[in-house]
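Worksheet: the structure to be examined is printed underneath.
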Amino acid sequence: MTGRRRKPSPPHDQQLVSTRDISAGVDAFISYQQKEKTASTKVKVSMKTVSQGMMDVSLLTSNASQLRTALLHPKYDFFWPLVSLILVSMGLQIVARVLMLWSDYLKDSVIDAGKKRKQLQFVALVIMSFITMANALISVFSVSGS
């Protein structure tokens, strides 16, 4: 032999790793996976909230642009219905946003406000449906070339 010595092997009746160590390792891994999943979910929810806010701002901006175009053409046949629908849409958008902000405020500050939050979110959803219908009608009555 060239100077290498072999380590003595453990007896066959001894375990190299205890089952308690394995169980603790598995529990730690599962806990880590759950934390990662929760963090990933929070990021997705945050991104969804930001994109929803951007969509709301873009719709409000679009309605403001349509209102400006309509006001520049006061002799248009459907002037008053168009202006009315645009103003209703813009007003409902503001009301829906206030309801959603109020719902978020209740979530963060008031304990046991789940029922009230669901009611606010339902009312906001109904208002958003009316906003969609109003904007569909706005596109029907819109000034050509705008």
Side-chain angles (χ1 to χ4, degrees), residues 6-7 9-146:
R6 289 183 147 189
K7 285 186 175 178
S9 61
H12 292 291
D13 60 342
Q14 288 184 348
Q15 293 181 344
L16 294 176
V17 179
S18 71
T19 54
R20 186 176 349 149
D21 293 338
I22 293 172
S23 176
V26 169
D27 290 342
F29 178 74
I30 290 172
S31 175
Y32 173 77
Q33 290 293 331
Q34 289 172 344
K35 287 178 185 176
E36 287 294 314
K37 187 176 182 181
T38 302
S40 174
T41 302
K42 287 180 182 179
V43 168
K44 288 178 185 174
V45 168
S46 296
M47 290 175 68
K48 181 182 173 197
T49 302
V50 168
S51 64
Q52 179 66 38
M54 291 172 69
M55 292 286 288
D56 292 343
V57 168
S58 69
L59 182 59
L60 195 59
T61 304
S62 173
N63 282 148
S65 175
Q66 290 171 332
L67 181 62
R68 184 180 132 277
T69 303
L71 292 175
L72 290 175
H73 298 89
K75 295 191 187 284
Y76 181 62
D77 292 338
F78 299 108
F79 176 77
W80 288 111
L82 182 61
V83 170
S84 300
L85 284 169
I86 292 171
L87 291 174
V88 165
S89 175
M90 292 173 78
L92 288 176
Q93 288 174 54
I94 293 168
V95 169
R97 179 50 56 194
V98 167
L99 288 175
M100 295 306 289
L101 288 172
W102 189 10
S103 171
D104 285 345
Y105 169 76
L106 290 177
K107 175 183 77 174
D108 294 338
S109 64
V110 178
I111 299 172
D112 198 30
K115 185 176 180 181
K116 183 72 170 176
R117 284 188 65 231
K118 286 187 180 197
Q119 290 172 344
L120 288 172
Q121 290 171 348
F122 179 75
V123 171
L125 179 66
V126 170
I127 289 173
M128 289 177 200
S129 299
F130 284 118
I131 292 169
T132 303
M133 288 186 280
N135 281 296
L137 290 172
I138 288 169
S139 67
V140 169
F141 290 116
S142 66
V143 178
S144 61
S146 62

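Nothing here was measured: the structure is a model prediction, and the numbers come from that model. Just so you know, residue 1 is the first one in the sequence shown, and it goes up from there.
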Tabulate below the donor-acceptor pairs under 3.5 Å that side-chain atoms of residues 78-88 make, not counting sequence neighbours, or state none.
residue	atom	partner	partner atom	Å
Ser84	OG	Trp80	O	2.7

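- Atom CG of Leu72 and atom CZ of Arg68 lie 5.5 Å apart (nearest 0.5 Å).
- The side-chain contact (heavy atoms from CB on, under 4.5 Å) test with Gln93 singles out one residue from Val57, Val98, Leu59, and that residue is Leu59.
- The side-chain hydrogen bond (donor to acceptor under 3.5 Å, both in side chains) test applied to Gln119 returns no partner, not counting sequence neighbours.
- The line from CE of Met90 to OG1 of Thr61 is 8.5 Å long, rounded to the nearest 0.5 Å.
- Residues passing the side-chain contact (heavy atoms from CB on, under 4.5 Å) test with Tyr105 are Trp102, Ser109, sequence neighbours excluded.
- Every residue meeting the side-chain contact (heavy atoms from CB on, under 4.5 Å) condition with Val123, not counting sequence neighbours, appears here in chain and number order: Leu99, Ile127.
- Considering Leu67, Ile131, Thr132 in turn, Ile131 is the only one that fulfils the side-chain contact (heavy atoms from CB on, under 4.5 Å) rule with Ser89.
- A distance-only check finds a donor-acceptor pair linking the side chain of Thr69 to the backbone of Ser65 [under 3.5 Å].
- A distance of 8.0 Å separates CE of Met100 from CZ of Arg117, quoted to the nearest 0.5 Å.
- Distance check, rounded to the nearest 0.5 Å: CG of Asn63 to CG of Asn135 gives 4.5 Å.
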